[in-house]
A.B. asks: 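Below you will find the structure I want to go over with you.
What you see below is based on every heavy atom in this structure, not just the backbone, and it leaves out hydrogens, waters and symmetry mates.
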Amino acid sequence: NAVLEVVARPPFLAGVAQRGEHLQRHLQRLVATHGLAGERGCGLLRALDLGRPIGPALVEAARELQPDGLLLNSPRPQLLRFMPALNVPFDDIDRMAEQLGGLLSRMR
């Protein structure tokens with residue numbers, strides 16, 4: 001019950017919506033910058049359509065990033081799925097997008 005009480009509070013839900021919009025903006029920038037097929041989803045549950053089957057290679061390369069790596073999910077060869085925690089810090093979204101942008105540049 002305690003979790004539901006926190007999650008149902010309007011300020012928490014507004015923060016989740018803001019984080020989803022922040023993630024969407026980053027993914028749209030990656031689409032535009034790297035010529036990807038698109039992005040879709042709702043809130044913090046989003047997908048990046050890579051337009052070519054490089055998802056598994058991105059997942060592997062992301063694991064080896066230093067110092068901490070990046071955990072990516074590629075349910076299909078041309079797709080990355082994003083499902084961060086509802087309280088993910090904005091800085092973490094920014095860092096993920098920067099790291100992913102670097103990986104996409106290397107995959108060209």
Side-chain angles (χ1 to χ4, degrees):
N1 286 338
V3 171
L4 290 176
E5 288 176 16
V6 170
V7 171
R9 291 183 187 150
F12 183 84
L13 294 176
V16 172
Q18 290 170 345
R19 286 167 175 81
E21 291 167 3
H22 191 70
L23 176 60
Q24 180 182 25
R25 281 191 301 274
H26 273 297
L27 295 179
Q28 288 173 341
R29 239 179 263 131
L30 289 170
V31 167
T33 301
H34 297 281
L36 305 176
E39 72 85 30
R40 63 180 183 261
C42 184
L44 287 170
L45 182 58
R46 307 209 71 82
L48 187 60
D49 187 341
L50 303 166
R52 54 197 172 116
I54 60 170
L58 280 170
V59 168
E60 193 62 34
R63 278 191 208 130
E64 297 176 10
L65 286 175
Q66 296 300 320
D68 299 320
L70 179 63
L71 181 60
L72 295 177
N73 181 4
S74 181
R76 294 187 204 146
Q78 76 285 357
L79 195 71
L80 291 180
R81 179 173 41 203
F82 301 88
M83 301 180 337
L86 297 179
N87 62 349
V88 61
F90 288 93
D91 290 348
D92 286 357
I93 295 171
D94 297 342
R95 188 169 38 258
M96 178 280 303
E98 182 180 334
Q99 290 175 318
L100 181 54
L103 290 172
L104 287 166
S105 292
R106 288 194 298 187
M107 293 277 173
R108 283 193 164 178

A.B. asks: Is the side chain of Arg46 donor-acceptor paired with the backbone N or O of Phe82 at a distance under 3.5 Å, no angle test?
C.D. replies: no
A.B. asks: Rounded to the nearest 0.5 Å, how far does CZ of Arg40 lie from CG of Leu45?
C.D. replies: 10.5 Å
A.B. asks: Output the distance between atom CD (Glu98) and atom CG (Asp94), rounded to the nearest 0.5 Å.
C.D. replies: 8.5 Å
A.B. asks: So Leu36 and Leu104, do their side chains get closer than 4.5 Å, heavy atoms only?
C.D. replies: yes
A.B. asks: Consider only side-chain heavy atoms of I, L, V, M, F, W and Y, link residues closer than 4.5 Å, and tell whether Phe90 and Met83 are in one cluster.
C.D. replies: no
A.B. asks: Could you tell me which non-hydrogen atom of Leu58 sits nearest to which non-hydrogen atom of Leu72, and how far apart they are?
C.D. replies: O-CD1, 4.0 Å
A.B. asks: Between CG of Leu103 and CD1 of Ile54, what distance do you get to the nearest 0.5 Å?
C.D. replies: 9.5 Å
A.B. asks: If you compare all heavy atoms of Met107 against all heavy atoms of Ala61, which two are closest, and at what distance to 0.1 Å?
C.D. replies: CE-CB, 4.2 Å
A.B. asks: Check whether any side-chain N or O of Arg19 sits under 3.5 Å from a backbone N or O of Val88 as a donor-acceptor pair, and report yes or no.
C.D. replies: yes
A.B. asks: Restricting to non-hydrogen atoms, name the atom on Phe12 and the atom on Asn87 that form the minimum distance, rounded to 0.1 Å.
C.D. replies: CE1-CB, 4.4 Å
A.B. asks: Find the distance between CG (Leu50) and CG (Leu80) and round it off to the nearest 0.5 Å.
C.D. replies: 4.5 Å
A.B. asks: Return the CG to CG distance between Leu23 and Asp92, rounded to the nearest 0.5 Å.
C.D. replies: 11.5 Å
A.B. asks: So how far is it from Arg95 CZ to His26 NE2, rounded to the nearest 0.5 Å?
C.D. replies: 11.0 Å
A.B. asks: Between Leu100 and Leu70, which heavy-atom pair has the shortest distance, and what is it?
C.D. replies: N-CD2, 4.3 Å
A.B. asks: Can Val16 be reached from Val3 by stepping across I, L, V, M, F, W or Y side chains whose heavy atoms are under 4.5 Å apart?
C.D. replies: yes
A.B. asks: Of the non-hydrogen atoms in Gly101 and His34, which two are nearest, and what is the gap between them?
C.D. replies: O-CE1, 3.4 Å
A.B. asks: Under 3.5 Å, is there a donor-acceptor pair between the side chain of Ser74 and the main chain of Leu79?
C.D. replies: yes
A.B. asks: Please say whether more than 12 non-hydrogen atoms of neighbouring residues, nucleotides or ligands are located less than 6.0 Å from CZ in Arg29.
C.D. replies: yes
